[in-house]
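Just so it is clear: chains get the letters A, B, ... in the order the sequence lines come, proteins before strands, and each one is counted from 1. Since this is a predicted model, take the numbers as computed values, not measurements.
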Number of protein chains: 2
Amino acid sequence: MEDRYNVECCDLVCAHEDVIDRARRALPDEDTLYDLTELFRIFGDSTRVRILYALFTSEMCVCDIAELLGVTQSAVSHQLRALKNVRLVKSRRDGKTVYYSLADDHVKTIIDQGLEHVSE
Amino acid sequence: MEDRYNVECCDLVCAHEDVIDRARRALPDEDTLYDLTELFRIFGDSTRVRILYALFTSEMCVCDIAELLGVTQSAVSHQLRALKNVRLVKSRRDGKTVYYSLADDHVKTIIDQGLEHVSE
DNA sequence: TGAACATATGAGCAATTGCTCATATGTTCA
DNA sequence: TGAACATATGAGCAATTGCTCATATGTTCA
């Protein structure tokens with residue numbers, strides 16, 4: 001059952017078992033890790049980040065976002081779905097038009113943290 | 001020169017020009033956007049996030065990280081380079097061994113913000 | 001200096017991603 | 001109800017990505 005003895009790296013040498021064990025306990029569980037990376041993956045595309053920036057100013061309909069960014073309505077719609085899946089944006093329908101807005105202000109906090117890092 | 005009249009989306013209707021103009025001014029410049037999405041893209045992979053979590057506990061050598069995560073030394077090395085490119089980790093050499101550690105505590109802040117969002 | 005070892009790196013491949021195109025769905029209004 | 005319109009969605013494709021394999025680079029020590 002215990003497989004910590006199986007030190008295969010680097011021809012059985014070098015491994016600092018204590019450090020590895022400590023790190024292993026710090027690793028997040030599978031589900032948390034999945035959710036977390038999925039969330040950040042969403043921030044890793046310029047079209048999506050542009051959409052989020054646009055929504056900082058006010059809610060917008062799909063069509064307006066498409067015009068603003070110079071991409072297809074379809075592309076915007078696909079990306080909005082991705083943003084919605086991770087609950088970064090929400091939508092409301094008004095007649096034929098669907099307005100999208102930021103789900104909460106985590107978006108801004110996360111982007112600001114990122115900005116702070118890159119602008120050092 | 002002015003091309004705001006060119007409302008091509010949705011058969012020339014629907015566009016809320018004021019909203020679009022306001023949003024356009026809020027968009028980040030090209031370089032900032034590039035740096036920002038590149039940074040978040042790095043957080044969008046589970047191997048890289050696992051490495052960061054491991055480094056939360058202490059500095060570690062490449063070999064230890066490889067054993068911890070059960071991936072190749074090569075894979076770890078490639079990912080560490082990516083993490084280094086965006087200045088999330090730094091390294092120091094001690095003889096044949098290279099120890100990696102977190103570059104600063106933006107890493108933790110960003111991940112914590114992400115966690116807070118996904119665990120709502 | 002050369003053998004041993006830790007790490008870095010390039011090539012190549014399967015999997016993923018973001019887009020466009022075509023079309024489906026949902027809503028309004030005459 | 002059906003035409004008009006805003007949005008959503010599936011298929012398909014080019015580009016990107018993360019891995020492994022092979023090997024190069026850097027360091028120590030006898």
Side-chain angles (χ1 to χ4, degrees), chain A residues 7-16 19-20 33-34 37-51 59-86 89-101, chain B residues 7-16 19-20 33-34 37-51 59-86 89-101:
Chain A
V7 184
E8 291 195 338
C9 173
C10 309
D11 298 342
L12 310 196
V13 293
C14 141
H16 307 89
V19 171
I20 294 175
L33 190 66
Y34 180 83
T37 54
E38 191 185 54
L39 175 67
F40 285 127
R41 199 180 53 71
I42 291 295
F43 284 100
D45 172 77
S46 63
T47 301
R48 285 190 293 262
V49 171
R50 260 190 276 253
I51 291 176
E59 65 170 15
M60 289 179 75
C61 72
V62 178
C63 165
D64 286 344
I65 299 173
E67 192 199 332
L68 169 67
L69 304 185
V71 297
T72 326
Q73 172 269 317
S74 175
V76 173
S77 205
H78 278 294
Q79 298 296 25
L80 284 168
R81 182 169 53 169
L83 288 166
K84 205 170 178 180
N85 279 342
V86 293
V89 305
K90 60 184 194 295
S91 62
R92 70 176 179 88
R93 186 178 266 278
D94 180 10
K96 283 175 290 193
T97 308
V98 177
Y99 291 93
Y100 280 83
S101 57
Chain B
V7 185
E8 292 194 339
C9 171
C10 309
D11 299 340
L12 310 196
V13 292
C14 140
H16 306 90
V19 171
I20 294 175
L33 190 66
Y34 180 83
T37 54
E38 190 185 56
L39 175 67
F40 284 126
R41 199 180 54 70
I42 292 296
F43 284 101
D45 173 76
S46 64
T47 301
R48 286 189 293 262
V49 171
R50 259 189 276 252
I51 291 175
E59 66 171 14
M60 289 180 76
C61 72
V62 179
C63 164
D64 285 345
I65 299 174
E67 190 199 334
L68 170 65
L69 304 184
V71 296
T72 327
Q73 172 269 320
S74 176
V76 172
S77 205
H78 278 295
Q79 298 297 24
L80 284 169
R81 180 169 54 167
L83 289 166
K84 205 170 179 180
N85 280 343
V86 293
V89 305
K90 59 184 196 293
S91 63
R92 70 176 179 89
R93 186 177 265 280
D94 180 10
K96 284 175 290 191
T97 309
V98 177
Y99 290 94
Y100 281 83
S101 57

Phosphate contact ([N] OP1 or OP2) by [X] side-chain N/O below 4.0 Å:
{"X": "B/Tyr100", "N": "C/dA6", "answer": "no"}
{"X": "A/Thr72", "N": "C/dT20", "answer": "yes"}
{"X": "B/Arg81", "N": "C/dA8", "answer": "no"}

* Structure fact -> Minimal heavy-atom distance between A/Val98 and A/Ser91, with the atoms involved, is CG1-CB, 3.7 Å

* Of the non-hydrogen atoms in B/Leu69 and B/Thr47, which two are nearest, and what is the gap between them? -> CD1-O, 4.1 Å

* Asked: Can A/His78 be said to stack with the base of D/dT9, given centres closer than 5.5 angstrom and planes under 30 degrees apart?
  -> yes

Please report, rounded to the nearest Å, how far the [atom2] atom of [N] is from the [atom1] atom of [X].
{"X": "B/Leu80", "N": "D/dC19", "atom1": "CG", "atom2": "C1'", "result": "15 Å"}
{"X": "A/Met60", "N": "D/dA6", "atom1": "CE", "atom2": "P", "result": "15 Å"}
{"X": "B/Tyr34", "N": "D/dT16", "atom1": "OH", "atom2": "C1'", "result": "12 Å"}
{"X": "A/Glu67", "N": "D/dT7", "atom1": "CD", "atom2": "C1'", "result": "16 Å"}
{"X": "A/Asn85", "N": "C/dG18", "atom1": "CG", "atom2": "P", "result": "13 Å"}
{"X": "B/Gln79", "N": "C/dG10", "atom1": "CD", "atom2": "C1'", "result": "16 Å"}
{"X": "A/Ile51", "N": "C/dC19", "atom1": "CD1", "atom2": "P", "result": "8 Å"}
{"X": "B/Arg48", "N": "D/dT16", "atom1": "CZ", "atom2": "C1'", "result": "12 Å"}

* **Donor-acceptor pair present, A/Ser74 side chain and D/dT9 base, under 3.5 Å** => yes

* Rounded to the nearest 0.5 Å, what separation is found between the CD1 atom of A/Ile65 and the CD1 atom of A/Ile51? -> 5.5 Å

* Asked: Ignoring hydrogens and geometry, is there a side-chain-to-backbone donor-acceptor pair from B/Arg93 to B/Gly95 under 3.5 Å?
  -> yes

* Donor-acceptor pair, B/Asp64 side chain versus A/His16 backbone, under 3.5 Å? -> yes

* For the residue pair B/Phe40 and A/Phe40, categorise the inter-ring angle as parallel (less than 30°), tilted (30 to 60°) or perpendicular (more than 60°). => parallel

* Structure fact -> Hits for side-chain contact (heavy atoms from CB on, under 4.5 Å) against A/Tyr34, two or more places apart or cross-chain, chain-then-number order -> A/Glu38

* Members of residues 39-47 of chain B that approach DNA chain C, where some heavy atom sits under 4.0 Å away -> none

Just distance, no hydrogens or angles: give the donor-acceptor pairs under 3.5 Å from side chains in residues 74-83 of chain B, sequence neighbours left out.
| unit_1 | atom_1 | unit_2 | atom_2 | d |
| --- | --- | --- | --- | --- |
| B/Gln79 | OE1 | B/Arg48 | NH1 | 3.0 |

* Using Watson-Crick and G-U wobble pairs whose two distances are both under 3.5 Å, how do you write the pairing of DNA chain C as dot-bracket, with | for links to another strand? -> ||||||||||||||||||||||||||||||

* Could you tell me which residues satisfy ring pair (Phe, Tyr, Trp, His ring centres under 6.0 Å) with B/Tyr100, sequence neighbours excluded, listed by chain and number? => none

* **Letter per nucleotide, 5' to 3', of nucleotides 23-30 of chain C [B base touched, S only sugar-phosphate touched, - untouched; heavy atoms, 4.0 Å]** => ---BBS--

* Looking at side-chain heavy atoms only, is the closest gap between B/Met60 and A/Ile20 below 4.5 Å? -> yes

* Step by step, would you call B/Tyr99 with B/Thr97 a side-chain contact (heavy atoms from CB on, under 4.5 Å)? -> CA-CA 6 Å; B/Tyr99 290 94; B/Thr97 309; 3.6 Å; yes

* Picking from D/dT20, C/dT7, D/dA8, which would you name as closest to the side chain of A/Val62? -> D/dA8

* Walk me through it: do A/Cys63 and A/Gln73 pass the test side-chain contact (heavy atoms from CB on, under 4.5 Å)? => CA-CA 6 Å; A/Cys63 165; A/Gln73 172 269 317; over 6 Å; no

